[in-house]
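Notes follow once the structure below has been shown.
Every chain is numbered from 1, with letters handed out A, B, ... down the list of sequences.
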Number of protein chains: 2
Amino acid sequence: MTRPFTREPTVPSTSPHQLGRRERQIMDAVYRLGRATAADVLAALPDPPSYSAVRAMLRILEEKGHLRHEQDGPRYVYRPAADAGEVGRSAVKHLLSTFFNGSAAQAVAAILGEARDGLSDAELDRLSSLIDAARAGEEDR
Amino acid sequence: MTRPFTREPTVPSTSPHQLGRRERQIMDAVYRLGRATAADVLAALPDPPSYSAVRAMLRILEEKGHLRHEQDGPRYVYRPAADAGEVGRSAVKHLLSTFFNGSAAQAVAAILGEARDGLSDAELDRLSSLIDAARAGEEDR
DNA sequence: AGCACTATGCTAATAAATTAGCACTCACGT
DNA sequence: ACGTGAGTGCTAATTTATTAGCATAGTGCT
């Protein structure tokens with residue numbers, strides 16, 4: 001027998017929580033969007049299932065405690081239950097340990113390589129000063 | 001009804017491929033380890049199932065094309081089928097777009113914040129020069 | 001030879017994720 | 001008043017992931 005072959009091998013996930021593929025895909029979308037309705041999420045998926053399926057997932061993810069919703073008029077607007085910054089940091093940590101042998105320098109290098117053109121002078125300056133700060137922080141230890 | 005509640009909400013995943021939770025957990029372990037036997041993987045899991053289960057997962061992941069194995073004497077040694085660097089970059093990209101609004105600067109800031117103490121002077125120097133390189137690269141455009 | 005250990009091959013059972021579908025409500029326009 | 005569209009509530013079916021278990025082979029030891 002051959003397995004269903006789990007679709008595009010190059011679509012990464014990088015999200016927290018130990019969830020099924022759809023669940024994580026949807027969590028990712030909500031993280032990206034910040035706050036989103038079922039329709040928003042549906043539109044954000046490259047691989048969209050039915051509208052119903054998305055709603056069901058959202059409901060389940062809320063049941064599991066990963067999402068919250070507030071009512072905006074007639075519709076539900078979902079957002080992550082956990083603090084986004086927290087989750088992002090946690091994802092970074094995991095990324096480091098999984099792909100970069102825990103080396104922040106290596107990871108930053110990869111990011112800079114990846115982004116190269118997307119960086120403004122202002123951002124580069126900001127990064128420089130962050131590094132200086134890290135250097136300083138290291139001294140008094 | 002209440003859902004099984006998908007365990008520690010703070011264990012992130014950050015790995016590529018759209019897989020089930022165990023599958024991804026195991027892929028992550030293999031990425032971290034580079035090459036690993038079933039026993040290695042088992043030992044690397046914080047949440048270990050049975051040895052049998054791990055073996056089955058590895059077999060399936062290979063069937064799906066995510067892993068390869070070579071025989072080392074009596075045992076199988078698994079390694080990722082895809083180029084690790086490739087996958088790492090892809091994971092970074094996804095991390096950026098999901099949690100940092102596509103902003104490399106923001107992500108780097110998060111990493112530096114996370115790593116803070118783990119950075120040697122040499123690494124900091126290396127990062128500085130990477131940034132300078134990016135600055136230079138931007139000029140001639 | 002027989003035992004313990006570690007490995008794989010394979011299969012079947014269970015749990016979980018994923019999907020679609022239908023019923024209902026509310027608001028709005030005709 | 002009625003149809004239409006966009007929303008939710010809920011459930012049942014299916015597919016996939018996950019697990020454990022048993023049979024078998026080799027190796028080394030006593």
Side-chain angles (χ1 to χ4, degrees), chain A residues 1-9 11 13 15 17-30 35-78, chain B residues 1-9 11 13 15 17-30 35-78:
Chain A
M1 198 205 35
T2 335
R3 298 271 161 185
F5 202 94
T6 338
R7 46 263 128 181
E8 307 117 72
V11 173
S13 161
S15 97
H17 314 299
Q18 300 176 349
L19 303 171
R21 108 182 162 96
R22 234 357 161 197
E23 291 178 312
R24 206 174 34 261
Q25 205 180 34
I26 288 184
M27 284 304 293
D28 283 354
V30 175
R35 11 182 306 112
T37 66
D40 295 337
V41 171
L42 182 64
L45 297 182
D47 192 16
S50 76
Y51 178 66
S52 264
V54 172
R55 281 193 307 126
M57 286 279 98
L58 289 170
R59 184 163 32 81
I60 290 171
L61 285 167
E62 179 163 32
E63 265 187 72
K64 288 191 182 172
H66 299 117
L67 293 177
R68 304 188 146 287
H69 83 267
E70 38 191 82
Q71 198 132 8
D72 171 27
R75 63 177 89 49
Y76 287 4
V77 179
Y78 290 88
Chain B
M1 199 208 36
T2 336
R3 297 270 161 185
F5 201 92
T6 339
R7 49 264 129 180
E8 306 120 70
V11 173
S13 161
S15 97
H17 314 298
Q18 302 176 348
L19 302 171
R21 102 177 169 99
R22 223 21 148 185
E23 290 178 313
R24 206 175 33 262
Q25 205 180 36
I26 288 184
M27 284 303 294
D28 282 354
V30 175
R35 15 182 300 115
T37 66
D40 295 337
V41 170
L42 183 64
L45 297 181
D47 192 16
S50 76
Y51 178 65
S52 265
V54 173
R55 281 193 306 125
M57 287 279 98
L58 289 170
R59 183 163 34 80
I60 290 171
L61 284 168
E62 180 163 31
E63 264 188 74
K64 288 190 184 173
H66 301 299
L67 293 177
R68 303 188 147 287
H69 83 269
E70 38 192 82
Q71 198 131 8
D72 171 28
R75 62 176 88 49
Y76 287 4
V77 179
Y78 290 88

d([atom1], [X]; [atom2], [N]) in whole Å:
X        : N       : atom1 : atom2 : result
Arg21(B) : dA15(C) : CZ    : P     : 14 Å
Ile60(B) : dG9(C)  : CD1   : C1'   : 13 Å
Leu58(A) : dA20(C) : CG    : P     : 15 Å
Glu23(B) : dA16(C) : CD    : C1'   : 12 Å
Leu45(A) : dT18(C) : CG    : C1'   : 13 Å
His69(B) : dA7(C)  : NE2   : C1'   : 12 Å
Leu67(A) : dT8(D)  : CG    : P     : 14 Å
Tyr78(A) : dT8(D)  : OH    : P     : 7 Å

Side chain Asp28(A), main chain Gln25(A), donor-acceptor under 3.5 Å: no

Any donor-acceptor pair under 3.5 Å from Arg24(A) side chain to Leu19(B) backbone: yes

Arg59(A) (side chain) and dG9(D) (base): donor-acceptor pair under 3.5 Å: no

Can you tell me how far apart [atom1] ([X]) and [atom2] ([Y]) are? Round to the nearest 0.5 Å.
X        : Y        : atom1 : atom2 : result
Leu45(B) : Met57(B) : CG    : CE    : 11.0 Å
Arg21(B) : Asp47(B) : CZ    : CG    : 5.0 Å
Tyr78(B) : Arg55(B) : OH    : CZ    : 8.5 Å

Among [options], which nucleotide has an atom closest to any side-chain atom of [X]?
X        : options                   : value
Arg55(B) : dT19(C), dG21(D), dA17(D) : dG21(D)
Ser50(A) : dT19(D), dA20(C), dG7(D)  : dA20(C)
Ala56(B) : dT18(C), dA20(D), dA20(C) : dA20(D)
Tyr51(B) : dG21(D), dT18(D), dT8(C)  : dT8(C)
Lys64(B) : dA17(D), dT18(C), dC22(D) : dA17(D)
Ala53(A) : dT19(C), dT19(D), dA17(C) : dT19(C)
Arg22(B) : dT18(D), dC22(D), dA7(C)  : dT18(D)

Met57(B) or Val77(A), whichever maps to the more 5' nucleotide of DNA chain D: Val77(A)

Short side-chain N/O contact from Tyr76(A) to OP1 or OP2 of dG9(D), under 4.0 Å: yes

